[in-house]
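Residue numbers start at 1 and run along the sequence shown.
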Amino acid sequence: MASSRVILALLLAAAAVMASSAQLDEKFYSNSCPSVEAVVRKEMVRALGAAPSLAGPLLRMHFHDCFVRGCDGSVLLDSAGNSTAEKDATPNQTLRGFGFVERVKAAVEKACPGTVSCADVLALMARDAVWLSKGPFWAVPLGRRDGRVSIANETDQLPPPTANFTELTQMFAAKNLDLKDLVVLSAGHTIGTSHCFSFTDRLYNFTGLDNAHDIDPTLELQYMARLRSKCTSLQDNTTLVEMDPGSFKTFDLGYFKNVAKRRGLFHSDGELLTNGFTRAYVQRHAGGGYKDEFFADFAASMVKMGGVEVLTGSQGEIRKKCNVVN
């Protein structure tokens with residue numbers, strides 16, 4: 001009986017996700033703000049031209065937004081009073097680019113006051129971050145509204161870099177995302193950097209022994225040695241490491257090549273090799289011969305994720321500034 005209720009709950013959640021995402025439309029602003037994509041892209045081209053390493057953080061910010069309360073811009077809200085917001089929770093303390101999101105939103109507000117949500121601005125910025133990093137381009141369904149609530153404790157819905165395969169699949173399934181979405185969206189790690197503390201447990205403290213021999217046995221030894229040379233202890237909170245060494249500013253298939261060689265940076269990356277479907281996907285794309293296929297898959301999964309639990313119609317609001325409710 002209990003399992004039946006769980007299945008019913010998941011089906012109802014999936015139906016709700018599909019219903020809300022169906023209300024999004026690529027041409028949502030065709031009359032009210034036809035210049036929105038051009039305005040966002042102008043700012044993105046300018047920013048990434050000066051700081052191309054910002055692409056990864058912007059993609060990650062959109063991901064973190066969608067996994068908590070849906071794609072409603074709640075990750076952008078500041079803490080207020082005694083209420084700690086998502087952005088100040090531990091998983092989000094390494095996010096960066098909030099000031100730039102505000103700059104882009106201000107440009108959009110100047111063109112079309114009170115019309116385009118912060119959630120939509122972030123979705124467009126994430127798409128352009130990928131495209132300007134030589135990745136795929138896709139039409140972004142629009143019409144999201146901004147949420148008014150942001151709660152730090154709810155970030156436990158974010159898949160951590162330490163997650164095993166069961167945890168990953170459960171967390172993705174809770175957002176109506178399947179195994180293919182999991183392996184495809186994980187490849188977003190092809191751009192950007194990470195702080196050492198997100199993976200040093202694999203180097204020094206994998207089973208809790210906290211010594212030089214307590215390593216993740218699934219990590220390729222030469223790669224582990226290279227990571228140890230950069231991250232010298234569990235206490236390193238500042239050093240940044242490229243997630244896709246050698247091409248961390250380019251959206252390409254290097255991620256799959258690394259994971260296939262057991263050189264995925266995070267434990268969650270390595271876990272993709274423990275399942276037949278995701279392992280086969282990794283191995284297929286590790287050779288680099290199916291770029292167009294992967295690009296199409298990534299675009300489709302981004303659209304699917306971008307429709308998770310969205311607010312539409314009269315729900316929520318259109319924030320004037322992304323860090324505070326109206």
Side-chain angles (χ1 to χ4, degrees), residues 6-7 9-11 13-14 16-18 21 56 59-71 75 91 123 126-127 129-130 135-136 138 154-192 194 198-199 202 216 218-219 243-244 251-287 290-291 293-310:
V6 170
I7 293 171
L10 287 173
L11 289 172
V17 169
M18 290 186 284
S21 61
L59 176 60
R60 181 175 174 231
M61 191 184 295
H62 179 49
F63 183 97
H64 281 221
D65 185 35
C66 291
F67 262 73
V68 183
R69 290 189 167 265
C71 313
V75 74
R127 187 271 313 275
V130 171
W138 63 91
E154 293 183 346
T155 57
D156 60 3
Q157 299 171 70
L158 291 167
T162 55
N164 62 37
F165 194 79
T166 299
E167 292 167 334
L168 290 169
T169 54
Q170 289 174 344
M171 297 178 102
F172 271 68
K175 304 303 175 184
N176 198 37
L177 299 170
D178 58 26
L179 284 184
K180 186 173 184 180
D181 299 314
L182 168 59
V183 65
V184 168
L185 292 173
S186 293
H189 293 163
T190 187
I191 53 174
S194 172
S198 294
F199 57 86
R202 306 184 77 191
D216 183 347
T218 67
L219 193 60
M243 291 193 289
D244 184 358
F251 194 96
D252 57 21
L253 296 171
Y255 171 81
F256 294 116
K257 183 178 180 180
N258 291 330
V259 172
K261 292 181 176 181
R262 297 189 295 120
R263 294 179 180 178
L265 186 61
F266 305 119
H267 182 68
S268 59
D269 295 325
E271 287 293 287
L272 297 177
L273 298 178
T274 65
N275 171 268
F277 177 84
T278 54
R279 180 174 61 251
Y281 193 95
V282 167
Q283 292 172 340
R284 176 175 176 81
H285 292 288
Y290 302 96
K291 184 177 81 169
E293 178 182 290
F294 164 60
F295 276 18
D297 287 346
F298 190 82
S301 288
M302 285 295 291
V303 169
K304 188 175 176 181
M305 185 188 74
V308 169
E309 301 169 17
V310 293

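Note that CD of E271 and OG1 of T218 are 7.0 Å apart. Values are rounded to the nearest 0.5 Å. Interatomic distance, OG of S268 versus CZ of F199, reported as 12.0 Å (0.5 Å rounding). Here the CH2-CZ distance, from W138 to F295, works out to 10.0 Å after rounding to the nearest 0.5 Å. Taken from CZ in F67 to NE2 in H62, the straight-line distance is 11.0 Å, to the nearest 0.5 Å. Expressed to the nearest 0.5 Å, how far CG of N164 lies from OG1 of T274 amounts to 8.0 Å. Separation of atoms NE2 (H64) and CD (Q157) is listed at 12.5 Å; rounding is to 0.5 Å.
Inter-residue side-chain proximity for D181 and N176 is flagged as unmet; no heavy-atom pair is nearer than 4.5 Å. Between S186 and F266, every side-chain heavy-atom pair lies at or beyond the 4.5 Å cut-off. By the 4.5 Å heavy-atom criterion applied to side chains, M302 and L59 are counted as neighbours. Between K175 and E309, some side-chain heavy-atom pair lies under the 4.5 Å cut-off.
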- Show the numbers, then the answer: is there a side chain to side chain contact (heavy atoms under 4.5 Å, CB included) between F256 and V183? CA-CA 10 Å; F256 294 116; V183 65; 4.2 Å; yes
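Ring geometry for Y281 versus F294: interplanar angle over 60°, hence perpendicular rather than tilted (30 to 60°). Between F63 and F172, the ring-plane angle classifies as tilted under the 30° and 60° cut-offs.
Side-chain atoms of R202 come within 3.5 Å of backbone N or O of L265 as a donor-acceptor pair. In this structure, Q170 contributes its side chain and E167 its backbone to no donor-acceptor pair below 3.5 Å. Between the side chain of T190 and the backbone N or O of A187 there is no donor-acceptor pair closer than 3.5 Å.
Looking at every heavy atom in both residues, K304 comes nearest to L177 through CG-CD2, 3.8 Å. Across V68 and T155, no two heavy atoms sit closer than the pair CG2-CA, 4.0 Å. Of all heavy-atom pairs spanning D297 and K180, the tightest one is OD1-NZ, 3.2 Å. Of all heavy-atom pairs spanning D216 and H267, the tightest one is OD2-ND1, 3.4 Å. Nearest heavy-atom pair across D244 and N258 is OD1-ND2, 3.0 Å. Closest approach of P136 to V130, counting heavy atoms only: CD-CG1, 3.5 Å.
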